Student: 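Can you read through this structure? Questions will come right after.
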Protein chains: 2
Amino acid sequence: MADLVYQNIMKDLKDRIKKNEFDSKRLPDERSLSESYGVSRSSVKRALNVLANQGIIFKKRGSGTFINPLFQKNRSIFQYEGSNLGVTDSFKSNGEVPKIKLLDFNVIPASDELQTELFLDPGEFVYEIKRLRTFEDKPFMIELGYIPIRVAPELNKERVEGSIFNYFEDTTGKAVTKSFMTITTEPSTGEDQKLLNLKPVEPVGVMEGIFFLDDGTPFEVSNMRLHYKYLNYNTFVDLNENR
Amino acid sequence: MADLVYQNIMKDLKDRIKKNEFDSKRLPDERSLSESYGVSRSSVKRALNVLANQGIIFKKRGSGTFINPLFQKNRSIFQYEGSNLGVTDSFKSNGEVPKIKLLDFNVIPASDELQTELFLDPGEFVYEIKRLRTFEDKPFMIELGYIPIRVAPELNKERVEGSIFNYFEDTTGKAVTKSFMTITTEPSTGEDQKLLNLKPVEPVGVMEGIFFLDDGTPFEVSNMRLHYKYLNYNTFVDLNENR
DNA sequence: AAGTGGTCTAGACCACTAC
DNA sequence: TAGTGGTCTAGACCACTTA
């Protein structure tokens, strides 16, 4: 894929961590890695920072770099890692691909709220796309998305039955790379129970988000209701970078 | 507080953005900023990367660095801004202070799992602290935490009835600044329903995490069961793994 | 004292955008 | 072609941990 030094090192280290190559839970020091990979220490640091931001490793000044023991524990099939955005890419694809059933597809005027969130002018139109995602014949997510027609004028019924992000990137070369997300949970509604095969006592996880293209253009507002067993959101927070 | 070059520049730029100083929505180029701040371009880049990772600016190779219009137009979407890790500080902004009811407080040998997660040697002890958090007399969270006695030897019953993070920072000068969290949801158990005043059909949000000190020392493993109306997690994701 | 990660510099070259 | 952000280097010095 990429030919970037730091990304290659990052991927290599990730693989080696997954293979338990560093049984001591400790990585070699940065200067050694720099030498063994034949790159500058800065590039090693950059690779390590990416892994640290994903919560895979953490660094202790003065002592070394260590593998996060929580990283491989508790992995469900569907998992947001902060390293993927869309649903399609969030599956540990062991060959099996999630499927989509289109429930509803309309073009409607953007509400006030959507105008604000998608940065639209009054009177602009959006696609309203309601889909049910299934995996191995089990439904796990009801997705209600809104995409401005101005941004993606070529959507149609057939195209939204697959990954919209992938279709958009393939045809325009523009990728969806950023998102704001809000995660909450609710008791399931009658519709949730019917579509997701839930008992009344079983809840849904709700993920609401705005997705952006790399240049900052808002691309989609999405409301995702997940079967509670599939909500598994991992996140690493570092306060030093948040203010 | 900090005397770091990139953080000072980051804060300064954030202030200037909030003051609408860059009316054109476009920031000066990196080389100009480097010169006007009297620092290297690398430091400017680092400051800009932090802002980009917070979704406040977007960088477009070849054209420049731009302010996210949503940040100026609707800053409330950026709720994560200034957010804190601990429960106590999350409420401070509203003026109200949450209260704590201590349910259980023990010192026990660390289980194998805790040894792994907190980087402990066999035979080490941890505090087991079970607390109920209430806000305006309404309980909203059951918190089960484990803290190594080696890290915080001076805890006692009285002290864990307040904010442990704040107490620890006040007495040692070391702050809890990082966390790795997994967010899920579950139907409520009988205990949840009793303590959190939930109906059987109402779920809990579950946040499990390890909290770290700034130097990377694991400080606490925590399992938090939240009244579903209080689980509200905001996050910004940027696929471009910068830094 | 030795070893570790953190910060910062000065500069080279590359990739993309706009004109 | 000029200007922008992206990547990468080689090295200096600092702050902290461990022995």
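Nothing here was measured: the structure is a model prediction, and the numbers come from that model. When reading the values below, keep in mind they use all heavy atoms of this one structure, side chains included, and skip hydrogens, waters and symmetry mates. Proteins get letters first, then strands, A, B, ... in listed order; numbering begins at 1 in each.
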Student: What is the distance, to the nearest angstrom, from the CG atom on L51(B) to the C1' atom on dG5(D)?
Tutor: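 Atom-to-atom, L51(B) to dG5(D), this comes out as 15 Å.
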Student: Measure CZ/F58(B) against C1'/dT4(D) and give the value in whole Å, please.
Tutor: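 Taking CZ of F58(B) and C1' of dT4(D), I get 18 Å after rounding.
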Student: Atom CG of L4(A) to atom P of dG6(D): distance rounded to whole Å?
Tutor: 12 Å
Student: Could you tell me whether E124(A) and R150(A) make a salt bridge, using a distance below 4.0 angstrom between a side-chain N and a carboxylate O?
Tutor: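 Looking at R150(A) together with E124(A), the answer is yes, because their closest N to O distance falls below 4.0 Å.
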Student: In whole angstroms, how far is the C1' atom of dG6(C) from the CG atom of D3(B)?
Tutor: 14 Å
Student: Side-chain donor-acceptor pair under 3.5 Å between Y37(B) and D12(B), yes or no?
Tutor: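 There is such a pair (donor and acceptor under 3.5 Å, judged by atom type) between the side chains of Y37(B) and D12(B).
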Student: To the nearest Å, give me how far apart NZ (K59(A)) and C1' (dT7(C)) are.
Tutor: 12 Å
Student: Is any side-chain nitrogen or oxygen of Y6(B) closer than 4.0 Å to OP1 or OP2 of dC8(C)?
Tutor: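 The answer is no; no side-chain N or O of Y6(B) sits under 4.0 Å from OP1 or OP2.
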Student: Taking atom types as modelled, is there a side-chain donor on N106(B) or K130(B) under 3.5 Å from an acceptor on the other?
Tutor: no
Student: One character per nucleotide, please: for nucleotides 9-19 of chain D, 5' to 3', B when the base has a protein heavy atom closer than 4.0 Å, S when only the sugar-phosphate does, - otherwise.
Tutor: BB-B--BBBS-
Student: What residues form a side-chain contact (heavy atoms from CB on, under 4.5 Å) with E158(A), not counting sequence neighbours?
Tutor: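 Per chain and number, E158(A) pairs via side-chain contact (heavy atoms from CB on, under 4.5 Å) with N156(A).
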Student: Output the rounded distance in Å from CD (Q7(B)) to P (dG6(C)).
Tutor: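 Taking atom P of dG6(C) as the reference, CD of Q7(B) is at 13 Å.
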Student: Distance check needed: dG3(C) C1' versus D29(A) CG, whole Å only.
Tutor: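 Rounding to the nearest Å, CG of D29(A) and C1' of dG3(C) are 8 Å apart.
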Student: Without decimals, in angstroms, what is the distance between I57(A) CD1 and dG5(C) C1'?
Tutor: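 Whole-Å distance recorded here is 11 Å.
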Student: Would you check if I56(A) and K14(A) make a side-chain contact, meaning some heavy-atom pair closer than 4.5 Å?
Tutor: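 Yes, their side chains come closer than 4.5 Å.
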Student: Counting distance only, does the side-chain N/O of Q115(A) pair as donor-acceptor with the main-chain N or O of A110(A) below 3.5 Å?
Tutor: yes
